[in-house]
Amino acid sequence: MNPVYLLLLLLAYLCGSIPIGLITGKMVKGIDIREYGSGNIGATNVWRTLGPVCGSIVFAADVMKGFIPVLAAHHLPGVSPWFIMFVGLAAITGHNASPFLKFKGGKGVATSVGVALGFNPLAALIGFLFWGLVLAATRYISISSIIAVPIACVLIWVLNGYTLPYAVFGLLVSLYVLVKHKSNIARVKARTEPKVTLPAVLMKLFHGGNQRA
């Protein structure tokens with residue numbers, strides 16, 4: 001393999017492995033985010049612990065960790081869909097198994113969104129729309145992610161001409177997201193999973209204004 005390709009795979013992994021949530025917690029509050037809430041370094045736990053501004057920043061940064069490597073891969077001469085797919089997986093793997101966190105990490109949803117953006121922006125946008133709709137209806141971020149990620153993956157496969165690499169990517173990522181959210185599913189069943197607070201206008205739209213966030 002071309003050394004440039006190998007270098008990009010390594011850089012994609014290292015880019016994905018930057019623990020933005022942990023860094024944000026240290027910089028903003030001087031805390032280790034892993035010691036609060038769910039113990040996860042992802043945007044959801046940061047949002048709940050440090051507020052929506054910090055959560056949004058971490059989400060955007062984690063998205064870029066997936067988007068930038070895939071965008072770079074697209075600009076390599078003669079690049080194949082298989083290589084682009086592996087670059088995306090490398091970024092997601094970096095987030096989920098960071099060498100800076102003893103090969104632990106987050107659940108990979110935001111970074112997967114970034115990879116999806118690099119694969120096909122329209123598919124990623126539709127998937128994000130479904131995520132928002134499910135979140136508004138249920139107020140469970142975990143359920144929103146479990147539903148939206150496979151939808152986005154199927155759309156990527158379809159909109160990219162039913163190409164096999166994107167089918168493989170979709171299957172792997174969808175299964176991984178499902179496995180990583182097993183504990184969330186159990187908490188939803190037990191009704192102990194935290195719900196997010198929605199703006200009043202959305203509460204009226206989806207819950208008839210009779211429930212409190």
Side-chain angles (χ1 to χ4, degrees), residues 1-24 33-34 40-46 55-125 127-128 131 145 148-157 159-161 163-181:
M1 181 183 288
N2 188 319
V4 175
Y5 282 37
L6 290 175
L7 178 61
L8 182 55
L9 283 172
L10 176 60
L11 290 176
Y13 173 74
L14 291 176
C15 181
S17 70
I18 300 171
I20 303 296
L22 180 64
I23 294 171
T24 301
I33 197 67
R34 295 171 296 180
N40 196 274
I41 64 166
T44 299
N45 195 39
V46 172
S56 298
I57 291 172
V58 171
F59 177 79
D62 283 347
V63 167
M64 295 308 293
K65 293 193 308 185
F67 176 70
I68 292 174
V70 172
L71 183 65
H74 276 292
H75 286 83
L76 291 177
V79 68
S80 72
W82 281 107
F83 179 74
I84 295 172
M85 184 268 288
F86 280 120
V87 168
L89 288 178
I92 296 169
T93 301
H95 179 78
N96 298 335
S98 171
F100 306 115
L101 301 175
K102 298 181 179 180
F103 296 98
K104 296 179 181 180
K107 297 184 179 180
V109 174
T111 305
S112 296
V113 170
V115 171
L117 275 171
F119 286 168
N120 192 292
L122 178 58
L125 180 61
F128 188 72
W131 181 88
S145 301
V149 167
I151 290 174
C153 287
V154 169
L155 288 171
I156 289 170
W157 175 60
L159 295 176
N160 282 284
T163 309
L164 181 59
Y166 296 114
V168 173
F169 171 84
L171 179 62
L172 292 176
V173 171
S174 297
L175 288 175
Y176 188 80
V177 167
L178 183 62
V179 169
K180 290 291 284 185
H181 284 85

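Only this structure's heavy atoms are used, side chains among them; waters, hydrogens and symmetry mates stay out.
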Test item: Ser98 side-chain N/O and Phe100 main-chain N/O as donor-acceptor pair under 3.5 Å: yes

Side-chain heavy-atom pair Ile33, Asn45 within 4.5 angstrom cut-off: yes

For Ser56, side-chain contact (heavy atoms from CB on, under 4.5 Å) partners two or more places apart: Trp47

Interatomic distance, Phe119 atom CZ to Phe67 atom CZ [nearest 0.5 angstrom]: 12.0 Å

Check against side-chain contact (heavy atoms from CB on, under 4.5 Å), Leu117 and Val70: CA-CA 9 Å; Leu117 275 171; Val70 172; over 6 Å; no

Salt bridge (Lys or Arg N to Asp or Glu O under 4.0 Å) contacts touching residues 63-79 (sequence neighbours left out): Asp62-Lys65

pair Thr163-Met85: side-chain heavy atoms closer than 4.5 Å: no

Nearest heavy atoms of Leu101 and Pro19, plus distance in Å: CD1-CB, 3.8 Å

Rounded distance [0.5 Å steps], CD1 in Ile156 versus CD1 in Ile151: 12.0 Å

Phe169 side, atom CZ; Ser174 side, atom OG - distance, nearest 0.5 Å: 8.5 Å

Set of residues satisfying side-chain contact (heavy atoms from CB on, under 4.5 Å) with respect to Ser145, sequence neighbours excluded: Val109, Trp131, Ile141, His181

Closest approach of Tyr13 to Ala97 (non-hydrogen atoms, all atoms of both residues): OH-O, 2.7 Å

Contact check, side chains of Ile84 and Leu76, non-hydrogen atoms, under 4.5 Å: no

Heavy-atom pair with the smallest gap, counting every atom of Ile92 and Ser112: CD1-OG, 3.4 Å

Interatomic spacing from NZ in Lys180 to CG in Asn40 - rounded to 0.5 Å: 7.0 Å

Exam field: side chain His75 to backbone Leu71, donor-acceptor pair closer than 3.5 Å: yes

Gap between atom CG of Asn160 and atom CG of Leu122 - 0.5 Å precision: 10.5 Å

Non-hydrogen side-chain atoms of Leu164 and Trp82 separated by less than 4.5 Å: yes

Student check: side-chain heavy atoms of Thr111 and Asn96 closer than 4.5 Å: no

4.5 Å side-chain heavy-atom contact, Phe83 and Leu8: yes

Any Arg34 side-chain heavy atom under 4.5 Å of Ile41 side chain: yes

Minimum-distance pair of heavy atoms, taken over all atoms of Tyr5 and Pro77: OH-O, 2.7 Å

Minimum-distance pair of heavy atoms, taken over all atoms of Ala61 and Ile20: CB-CG2, 3.6 Å

Pro99 to Ser17 - nearest heavy-atom pair and separation: CD-CB, 3.5 Å

SG-CG distance between Cys153 and Leu172, expressed to the nearest 0.5 angstrom: 9.5 Å

